[in-house]
Visitor: 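I am attaching a structure below and will ask some questions about it afterwards.
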Protein chains: 2
Amino acid sequence: MTTDLLNIRDMCDAFDVTPRTLRFYEAKELLFPIREGQKRLFTKRDRARLKLILRGKRFGFSLEEIRQLLDLYHMNDGQEAQLSKTYVLAEQHLAAMEAKKAELEEAINELKEQMVWGADKLAQLAKEKTVAA
Amino acid sequence: MTTDLLNIRDMCDAFDVTPRTLRFYEAKELLFPIREGQKRLFTKRDRARLKLILRGKRFGFSLEEIRQLLDLYHMNDGQEAQLSKTYVLAEQHLAAMEAKKAELEEAINELKEQMVWGADKLAQLAKEKTVAA
DNA sequence: CGTTACGTTTACGTGCGCGTCAACTTTGCT
DNA sequence: AGCAAAGTTGACGCGCACGTAAACGTAACG
């Protein structure tokens with residue numbers, strides 16, 4: 001193992017983000033790197049969280065939304081009340097994601113239809129050319 | 001038909017957006033309402049585009065990205081060169097969407113795993129309670 | 001011991017996606 | 001003619017997600 005702890009530079013290289021971004025996420029309480037003196041050291045947990053953060057961003061979630069959702073993937077095994085509350089949230093989130101998936105499939109199909117139309121049009125233009133020759 | 005043209009108010013109500021948003025999208029060349037004197041009238045085409053715009057936003061695209069993608073769904077049947085270029089773009093976009101779909105499925109599965117873990121934990125806590133009783 | 005590399009905090013700047021007045025015109029009713 | 005409702009064009013403001021520059025710490029290397 002390479003110490004299992006990454007300094008900010010290696011963390012940035014690993015995820016293709018800037019130091020500013022990592023510090024910003026820490027300030028927003030999305031990441032909790034430990035400190036060696038002044039310097040940040042990113043743990044395996046931070047890496048898991050960052051992966052989820054970046055994924056969340058790709059799907060259009062705000063950092064604040066992501067912050068709330070991150071707990072779902074950790075289930076801090078605290079009190080039952082808290083845990084079950086988190087679980088309910090996770091169910092809702094899951095439903096939202098599946099809805100998004102359905103919408104995405106719809107979007108894909110619509111685009112495919114348009115492309116069939118475009119392909120036809122192109123074939124037609126090609127044919128006209130051939131006739132003209 | 002109700003004239004097939006919507007004023008700004010009806011357009012807003014139909015899509016749950018504000019007038020500011022519609023004017024903003026027009027300024028960014030995402031929509032092209034026709035003018036009756038001063039006033040904007042939104043066509044069927046504008047409605048189709050707005051639907052795609054809002055969908056694009058839900059998937060985290062910027063307005064500029066969306067603007068470029070909108071043409072894919074219209075295939076302005078201009079020159080063959082332009083049309084085939086658009087078609088290639090559409091293919092790329094389609095690939096990107098299917099990649100996104102795959103990632104979304106992965107995310108869904110991961111969340112489900114976490115939820116199984118959480119459910120187990122909850123069941124365990126419930127059992128402890130029963131035993132204590 | 002100086003300097004080079006890497007990291008830190010603090011703070012102001014920036015682009016996007018609108019919100020929010022303010023000031024005006026146009027339209028329809030009475 | 002008068003007045004309210006609906007729409008218009010600026011123009012400035014704002015929250016988010018960082019970028020960027022300044023000033024400083026500190027550890028290593030020749």
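Letters go in sequence order (proteins before strands), and every chain restarts at 1. These numbers come from the heavy atoms of this one structure, side chains and all, not from hydrogens, waters or symmetry mates.
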Visitor: Using atom CD of A/E26 as one end and atom P of D/dC18 as the other, report the distance to the nearest whole Å.
Guide: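 One finds 15 Å between P of D/dC18 and CD of A/E26, rounded.
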Visitor: So, OP1 or OP2 of C/dC18: does either fall under 4.0 Å of a side-chain N or O from B/Y25?
Guide: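 Indeed, a polar side-chain atom of B/Y25 lies that close.
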Visitor: So, OP1 or OP2 of C/dC18: does either fall under 4.0 Å of a side-chain N or O from B/K57?
Guide: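 For C/dC18, OP1 or OP2 has a side-chain N or O of B/K57 closer than 4.0 Å.
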Visitor: A side-chain contact here means heavy atoms from C-beta on lying under 4.5 Å apart; do B/R49 and B/Y25 qualify?
Guide: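 Side chain of B/R49 against side chain of B/Y25, heavy atoms only: no contact under 4.5 Å found.
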Visitor: I need the B/F42 CZ to B/D10 CG distance, nearest 0.5 Å.
Guide: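 Between atom CZ of B/F42 and atom CG of B/D10 there are 10.5 Å.
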Visitor: I want to check one thing: is the phosphate of D/dA6, taken as OP1 and OP2, less than 4.0 Å away from some side-chain N or O of B/R40?
Guide: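 Indeed not, no polar side-chain atom of B/R40 lies that close.
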Visitor: Salt bridge check: are B/E36 and B/K39 linked by an N-O gap of less than 4.0 Å?
Guide: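 Here B/E36 does not pair with B/K39 in a salt bridge, since their nearest N and O are not under 4.0 Å apart.
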Visitor: From CG of B/L22 over to P of D/dA6, roughly how many Å is that when rounded to an integer?
Guide: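 About 16 Å, once rounded to whole Å.
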Visitor: How close or far is atom C1' of D/dC18 from atom CG of A/L30, stated in whole angstroms?
Guide: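 Distance, rounded to whole Å: 13 Å.
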Visitor: Between B/P19 and A/R20, name the one whose nearest nucleotide on DNA chain D is closer to the 5' end.
Guide: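 Mapping each residue to its closest nucleotide by heavy atoms, the 5'-most match is B/P19.
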Visitor: Please report, rounded to the nearest Å, how far the C1' atom of D/dA6 is from the CD atom of B/E36.
Guide: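 Computing the B/E36:CD to D/dA6:C1' distance gives 13 Å.
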Visitor: Between P on D/dG7 and CZ on B/F24, what's the gap in Å once rounded to a whole number?
Guide: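 Whole-Å distance recorded here is 21 Å.
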Visitor: Nearest to the side chain of B/T21 - C/dT26, C/dG19, C/dT8?
Guide: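 Nearest to the side chain of B/T21 among the choices is C/dG19.
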Visitor: Please report the shortest heavy-atom distance between B/R67 and B/K28, naming the atom on each side.
Guide: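 Looking at all heavy atoms of both residues, the shortest contact is CD-O, 3.2 Å.
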Visitor: For the pair made of CD in B/Q38 and P in D/dT8, what is the distance, rounded to whole Å?
Guide: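 Distance check: B/Q38 CD to D/dT8 P gives 8 Å.
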Visitor: Nearest whole angstrom, please: distance from the P of D/dG7 to the CD1 of B/I34.
Guide: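 About 15 Å, once rounded to whole Å.
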Visitor: Output side-chain donor-acceptor pairs under 3.5 Å for residues 109-117 of chain A, partner residues at least two apart or in another chain, one line each.
Guide:
{"from": "A/N109", "atom 1": "ND2", "to": "A/E105", "atom 2": "O", "distance (Å)": "3.3"}
{"from": "A/E110", "atom 1": "OE1", "to": "B/R55", "atom 2": "NH1", "distance (Å)": "3.2"}
{"from": "A/E110", "atom 1": "OE2", "to": "B/R55", "atom 2": "NH2", "distance (Å)": "3.1"}

Visitor: Looking at D/dC18, D/dG7, C/dG7, which one has an atom nearest to any side-chain atom of A/N7?
Guide: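 Out of D/dC18, D/dG7, C/dG7, the nucleotide with an atom closest to A/N7's side chain is C/dG7.
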Visitor: Taking N and O atoms by type only, does the side chain of A/R23 place a donor or acceptor under 3.5 Å from a partner on the base of C/dT8?
Guide: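 Absent.
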Visitor: Assign each of B/T18 and B/K28 to its nearest nucleotide of DNA chain C by heavy atoms, then name whichever residue's nucleotide is nearer the 5' end.
Guide: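 Nearer the 5' end of the strand: B/K28.
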Visitor: Which whole-number value in Å describes the distance from B/L31 CG to C/dC18 P?
Guide: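 B/L31 atom CG is separated from C/dC18 atom P by 11 Å.
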